Amino acid sequence: MSLTSNEKLERAISRLPRVDTFPFRSALYDTYSPQDAFSGLTGANVLLALHRAREARELAVSYRDFNVGAAVMYFCFEPAIMQMVSGINIKPESESVINVHAKQLALQKLKDRGASIISLIAVVGELQADTQSGMLAETLHPCGLCRDKLSESGYVNPTKTLVVSALPDLRTLEFYTFKALSEFHTDGYRDNILSVKLPEMELLTPFEPKSQEPYKLVDTPEIQAEEDIWEQNVEMPLLHYRLTGEWPLAI
């Protein structure tokens, strides 16, 4: 039996909580500051956000199979809480009045949770030209409507909030701030967008436990080599960015 648009919407949204992380309340601090939030821009959190965004993308509902997933890391200053929440695009039929964007759905969750600031936004989807600007990047950027909604939300710092967008295999990545995002879609200026190309790595594949037994991490030479690649291409540029506010010209 085929589902109605409302049924498709309810089913997709009901499955999203399993993609969100649990809210983490600090055991050390009663409050967080903006500096604490942006200190959380680490390679490990970027990787987690990308995986969460890709998992969310599997729940997207699109009549044309254009599926987008998003994950947003936000901080609440008081009490000191951090969480990653997800979003998906939902448009069941071409003429449907339901037209939900992934970043906007995640943004609504933030409003419901009393968020103070967004430090990281991850977007995963197939590449297409931007509907508003017509620009074609290397990855799928937040669309013009989502750029406006996020900028107007009060949660985004134009020069510190990090956006990372990736193709579904997570091997092609772009890192940028909202200021750099605006410059690209307004003037075509992309010098402040960091592009990263990664080889095939187990680190980027969806995690699928092979049994019900507890999973044990084994630090094999292959895993260590992948972690070194990730550190060189992502962790070190992020450290440079946190310290200077600028992306390194080369990595």
Side-chain angles (χ1 to χ4, degrees), residues 5 8-9 12-13 16 19 46 49-50 52-74 84-111 115 118-170 172-196:
S5 293
K8 291 179 180 179
L9 175 64
I13 291 179
L16 278 176
V19 181
V46 167
L50 287 168
R52 296 292 184 179
R54 182 169 59 185
E55 290 171 22
R57 180 177 176 267
E58 297 299 316
L59 304 174
V61 179
S62 171
Y63 73 95
R64 62 188 182 100
D65 292 326
F66 179 68
N67 301 320
V68 182
V72 172
M73 184 169 74
Y74 77 88
M84 283 191 189
V85 296
S86 57
I88 56 175
N89 65 311
I90 305 173
K91 190 169 185 180
E93 287 89 28
S94 60
E95 302 302 323
S96 175
V97 295
I98 299 172
N99 186 11
V100 179
H101 292 217
K103 281 73 68 182
Q104 294 176 46
L105 185 55
L107 183 60
Q108 185 58 52
K109 290 184 180 182
L110 267 64
K111 294 178 180 178
I118 293 172
S119 58
L120 172 65
I121 301 169
V123 182
V124 175
E126 296 288 355
L127 185 59
Q128 74 168 17
D130 189 85
T131 305
Q132 284 74 23
S133 71
M135 298 296 292
L136 183 65
E138 295 183 19
T139 60
L140 182 70
H141 289 182
C143 71
L145 182 60
C146 289
R147 295 195 294 270
D148 290 341
K149 293 293 185 182
L150 286 163
S151 296
E152 295 165 2
S153 70
Y155 299 132
V156 171
N157 183 308
T159 60
K160 291 188 176 181
T161 297
L162 174 66
V163 186
V164 53
S165 48
L167 298 185
D169 63 4
L170 307 188
T172 300
L173 310 172
E174 288 184 299
F175 296 82
Y176 43 89
T177 64
F178 259 80
K179 183 175 183 291
L181 182 64
S182 176
E183 291 172 343
F184 175 74
H185 288 280
T186 301
D187 305 317
Y189 184 76
R190 66 163 296 123
D191 285 8
N192 291 324
I193 296 178
L194 177 65
S195 177
V196 174

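All residue numbers in this chain count up from 1 along the given sequence. Because the structure is predicted, anything quoted here is derived from the model rather than measured.
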Could you tell me if the side chain of [Y] sits less than 4.5 Å from the side chain of [X], heavy atoms only?
| X | Y | answer |
| --- | --- | --- |
| Glu138 | Arg190 | yes |
| Leu16 | Ser86 | yes |
| Pro168 | Glu126 | yes |
| Leu50 | Leu173 | yes |
| Val100 | Gln108 | no |
| Pro142 | His101 | no |
| Leu150 | Ile118 | yes |
| Val46 | Phe175 | yes |

Margin query: Please determine whether the number of non-hydrogen atoms from other residues, nucleotides or ligands lying under 6.0 Å from atom NZ of Lys160 exceeds 12.
Written below: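 No, NZ of Lys160 has 12 or fewer neighbouring heavy atoms, counting only those of other groups under 6.0 Å.
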Next item on the list: Fit a plane to each ring of His141 and Tyr176, take the angle between them on a 0 to 90° scale, and name the class: parallel (under 30°), tilted (30 to 60°) or perpendicular (over 60°).
Entry: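 The arrangement is tilted - the two ring planes meet at 30° to 60°.
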Check: Could you give the distance from CG (Asp169) to CZ (Arg54), rounded to the nearest 0.5 Å?
Finding: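 Taking CG in Asp169 and CZ in Arg54, the distance rounds to 8.0 Å.
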Check: Going from CD1 on Ile193 to OG1 on Thr139, what distance comes out if it is rounded to the nearest 0.5 angstrom?
Finding: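 Those atoms lie 8.0 Å apart.
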Notebook entry, point to check: Using 4.0 Å as the upper bound for N to carboxylate O, is an ion pair formed by Lys179 and Glu183?
Noted result: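 Result for this pair is yes, salt bridge flagged.
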Note to self: Using the side-chain contact (heavy atoms from CB on, under 4.5 Å) criterion, which residues pair with Leu140? Sequence neighbours excluded.
What the structure shows: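 Phe66, Val68, Gln128.
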Checklist line | Test side-chain contact (heavy atoms from CB on, under 4.5 Å) applied to Val85 and Leu110, step by step | finding: CA-CA 8 Å; Val85 296; Leu110 267 64; 3.3 Å; yes
